[in-house]
Amino acid sequence: LPESQKEVKEGCFLKVDPEFKYRILKTPGGETFKLCYQCGRCTATCPIARFTRDFRPNKLIHMAKLGIRDVLKREEIWLCATCYACTERCPQGILVTDVMKVLQQLAVEEGVTLDLHKSLVSNVIKTGFVNAFSASTLKRRESRGLPPLPKPELEDIKKLADATGLTEMTE
Amino acid sequence: MANLEYALFLGCVIPYREVSYEISTRRIARDLGITLKDMKDANCCGLPLEAVNHEMALALAARDLCVAEEMGLNIMTLCNGCFGVLRKTNMRLKNDRDLRKKVNGRLNDIGMEFKGKIEVKHLVHVLSEDIGFEELKKFITRPLKSLTIAGFMGCHIFRPSNYTGEKNPENPTLLNDLIELTGAKSVHYIDELQCCGYLNSGIDSRLPMLLAREKLRNAKEVGADAMVTICPSCHINFDVNQGRIERTFSEQYGIPVLHYPQLLGLAMGISPEELDLQDLRVKAKGILKSVVEA
């Protein structure tokens with residue numbers, strides 16, 4: 001498609017990107033998403049959908065299929081609790097939870113970052129774990145007769161973070 | 001019986017906030033003849049990064065698997081989340097040659113290689129499969145006949161079933177059977193297989209409270225004396241957050257939430273102190289009294 005047709009002119013209600021679905025299909029975890037026929041079983045089985053107005057997995061999948069890239073800017077894509085109830089019950093075998101994770105990753109690629117992720121990523125790079133253990137936690141372990149916590153080779157973690165593009169996220 | 005030696009994968013949540021789960025597990029392991037070797041070079045299982053950077057999540061999980069391979073031991077986890085992601089990664093790397101090649105390319109830079117030599121199990125699998133119910137029964141010296149327990153499986157221990165191997169994902173009976181093994185009565189309640197919502201606490205703290213509150217209410221309605229969990233995240237949501245839930249909704253639950261090894265340990269005659277029951281936020285004094293008196 002010519003560049004001009006990829007994005008509808010500003011002022012229009014929805015921006016549509018016909019290439020968007022291919023990006024999802026190419027991302028690991030997103031391969032099955034086009035099989036969705038909108039039965040809504042994922043939403044019916046979703047515990048988060050019960051308590052929120054906006055989190056509707058089938059709706060998010062439909063938006064993505066239509067090429068509405070702004071789905072990545074919607075806050076509700078972060079509400080998935082990853083319980084896999086939808087994945088277990090989808091009649092089309094769609095890995096719905098994985099598709100939600102793909103939407104989250106693509107959002108990150110487009111520059112959406114949550115505060116939570118910043119601390120998570122920096123802790124992993126600094127310590128190898130998502131929680132930074134305080135000196136008092138470690139001391140308390142010792143006093144209770146528990147063995148020391150694992151200490152991963154941080155040079156390894158750094159190399160992996162560099163190779164997978166995680167380090168870039170902290171810059 | 002299988003050789004009961006495992007590489008213990010603690011993960012992040014247990015040492016950070018749920019030490020009583022680790023203490024009670026180590027205590028029952030001692031009596032059951034399970035040898036737990038610490039994974040000194042382990043890192044995060046990768047699960048929290050799946051939403052951010054799939055590649056790094058995969059690399060972290062693969063590195064943990066390699067650490068256990070070098071120890072020559074199967075992994076035993078206590079956390080459902082760690083179990084789910086390590087089991088999934090192990091299976092995918094074993095079965096998908098292209099993926100393994102790609103991941104091994106990365107691991108090669110840190111002097112490691114995934115060979116596919118080990119299995120990933122959760123404590124409940126070690127108990128039910130490797131030791132077996134018949135053998136476990138021999139250790140029950142104080143059957144907890146007076147207790148009615150509402151078990152809470154959590155999610156990643158059985159979903160998605162293509163990775164976890166759960167044969168009946170709509171009605172898994174494993175935790176139920178493990179509870180009945182202790183002599184306690186196991187009760188069913190509405191939404192017992194639904195997510196506790198803990199993972200949302202960093203995004204919207206209201207949601208985990210709403211989800212946990214429902215289960216507490218449903219468990220109370222069927223007369224449960226206590227709940228039992230097998231995942232530190234579920235435990236935080238039901239035990240550590242119970243007071244907050246009660247205050248937020250002006251309700252009273254007062255349901256103690258035990259880690260499964262604490263329940264089993266009590267039935268094995270181990271003292272509540274050794275099982276670190278005093279560390280629970282919702283005190284278990286009431287149920288302990290009935291256990292001791294019986």
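A, B, ... follow the sequence lines: proteins, then strands. Residue 1 opens every chain. The structure displayed is predicted, hence computed values, not measured ones.
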Worksheet entry | Engaged part of A:Thr137 at the chain B interface, taking heavy atoms whose separation is under 4.5 Å | side chain
Fill in: Part of B:Arg26 lying under 4.5 Å from any heavy atom of chain A
side chain
Fill in: Option that, when pairs with chain B are counted at under 4.5 Å, heavy atom only, ranks first among A:Thr97, A:Leu120, A:Val102
A:Leu120
Discussion item. Between A:Thr82 and B:Glu50, does the side-chain contact (heavy atoms from CB on, under 4.5 Å) criterion hold? Intermediate values first, please.
Written reply: CA-CA 10 Å; A:Thr82 74; B:Glu50 279 194 347; over 6 Å; no
Discussion item. One thing to verify: whether B:Arg27 and B:Glu274 come together as a salt bridge, which I'm taking to mean a side-chain N less than 4.0 angstrom from a carboxylate O.
Written reply: yes
Discussion item. Quick check on B:Leu193 against chain A: is it the side chain, the backbone, both or neither that has a heavy atom closer than 4.5 Å?
Written reply: neither
Discussion item. Just so I understand: if I count every heavy-atom pair under 4.5 Å between each of B:Gly111, B:Pro15, B:Gly202 and chain A, which residue has the most?
Written reply: B:Pro15
Worksheet item: Any idea which of B:Glu55, B:Arg206, B:Glu22 has the most non-hydrogen atom pairs under 4.5 angstrom with chain A?
Response: B:Glu22
Fill in: Ionic contact status for A:Asp17 with A:Arg23, cut-off 4.0 Å
no
Response to the item:
chain B shares the most heavy-atom pairs under 4.5 Å, among A:Leu160, A:Leu116, A:Asn131, with A:Asn131
Worksheet item: With only heavy atoms counted, which part of A:Ile157 is less than 4.5 Å from chain B, the side chain, the backbone, both or neither?
Response: both
Discussion item. If we ignore hydrogens and angles and just use 3.5 Å, is the side chain of A:Glu88 paired with the main-chain N or O of B:Ser161 as donor and acceptor?
Written reply: yes
Worksheet item: Counting N and O atoms only, with roles assigned by atom type, does the side chain of B:Tyr21 sit under 3.5 Å from a partner on the main chain of B:Ile230, one being a donor and the other an acceptor?
Response: yes
Worksheet item: Going through the distances and angles, do A:Asp98 and A:Tyr84 end up as a side-chain contact (heavy atoms from CB on, under 4.5 Å)?
Response: CA-CA 9 Å; A:Asp98 292 14; A:Tyr84 289 98; 3.7 Å; yes
Fill in: Structural part of B:Phe158 lying under 4.5 Å from a heavy atom of chain A
backbone
Fill in: Between B:Asp276 and B:Ser24: side-chain donor-acceptor atoms closer than 3.5 Å
no
Item to complete: Would you mind checking if A:Arg74 and A:Asp54 are paired as a salt bridge, meaning a charged N to carboxylate O distance below 4.0 Å?
Response: no
Worksheet entry | Segment of B:Leu199 engaging chain A (4.5 angstrom heavy-atom cut-off) | side chain
Worksheet item: What part of A:Leu166 lies closer than 4.5 angstrom to a heavy atom of chain B: side chain, backbone, both or neither?
Response: both
Worksheet entry | Region of B:Met56 in contact with chain A, defined by heavy-atom distances below 4.5 Å | both
Worksheet item: B:His122 vs B:Phe83 aromatic rings, parallel, tilted or perpendicular, using cut-offs 30° and 60°?
Response: perpendicular
Worksheet item: Do other residues, nucleotides or ligands put more than 12 heavy atoms under 6.0 Å from A:Glu110 CD?
Response: yes
Worksheet item: Checking A:Lys59 side chain against A:Phe55 main chain: does a donor-acceptor pair fall under 3.5 Å?
Response: no
Practice prompt. Could you please spell out the steps behind the side-chain contact (heavy atoms from CB on, under 4.5 Å) verdict for B:Ile110 and B:Leu107?
Written response: CA-CA 5 Å; B:Ile110 58 169; B:Leu107 292 172; 4.1 Å; yes
Fill in: Part of A:Val124 lying under 4.5 Å from any heavy atom of chain B
side chain
Discussion item. Using heavy-atom distances under 4.5 Å, tell me whether A:Ala132 contacts chain B through its side chain, its backbone, both, or neither.
Written reply: backbone
Response to the item:
Assert top hit (heavy-atom pairs under 4.5 Å, partner chain A, pool B:Gly84, B:Cys196, B:Ala51) equals B:Ala51
Discussion item. Taking B:Asp96 first and then B:Lys102, would you say they form a salt bridge - that is, a charged N and a carboxylate O separated by under 4.0 Å?
Written reply: no
Discussion item. Quick check on B:Pro169 against chain A: is it the side chain, the backbone, both or neither that has a heavy atom closer than 4.5 Å?
Written reply: side chain
Worksheet item: In terms of heavy-atom proximity below 4.5 Å to chain B, should A:Leu114 be classed as side chain, backbone, both, or neither?
Response: side chain
Worksheet item: So which of A:Ser134, A:Gly145, A:Ala163, A:Pro148 has the largest heavy-atom pair count under 4.5 angstrom toward chain B?
Response: A:Ala163
Fill in: Side chain / backbone / both / neither for B:Asp64 at chain A, heavy atoms under 4.5 Å
neither
Item to complete: With a 4.5 Å cut-off on heavy-atom pairs, point out which of B:Ile23, B:Asn43, B:Val13, B:Leu10 contacts chain A the most.
Response: B:Asn43
Discussion item. So for B:Val19, is it side chain, backbone, both, or neither that comes closer than 4.5 Å to the heavy atoms of chain A?
Written reply: side chain
Worksheet item: Considering only heavy atoms, which portion of A:Met169 lies under 4.5 Å from any heavy atom of chain B: side chain, backbone, both, or neither?
Response: side chain
Worksheet item: For B:His156, is it the side chain, the backbone, both or neither that has a heavy atom under 4.5 Å from a heavy atom of chain A?
Response: side chain
Worksheet item: Is the shortest side-chain N to carboxylate O distance from B:Glu166 to B:Arg159 below 4.0 Å?
Response: no
Practice prompt. Pick whichever of B:Gly11, B:Cys44, B:Cys155 has the most heavy-atom pairs under 4.5 Å with chain A.
Written response: B:Cys44
Practice prompt. May I ask you to decide whether A:Glu76 forms a salt bridge with A:Arg56, counting only side-chain N to carboxylate O separations under 4.0 Å?
Written response: no
Practice prompt. Can you tell which part of B:Leu207 gets under 4.5 Å to a heavy atom of chain A, answering side chain, backbone, both or neither?
Written response: side chain
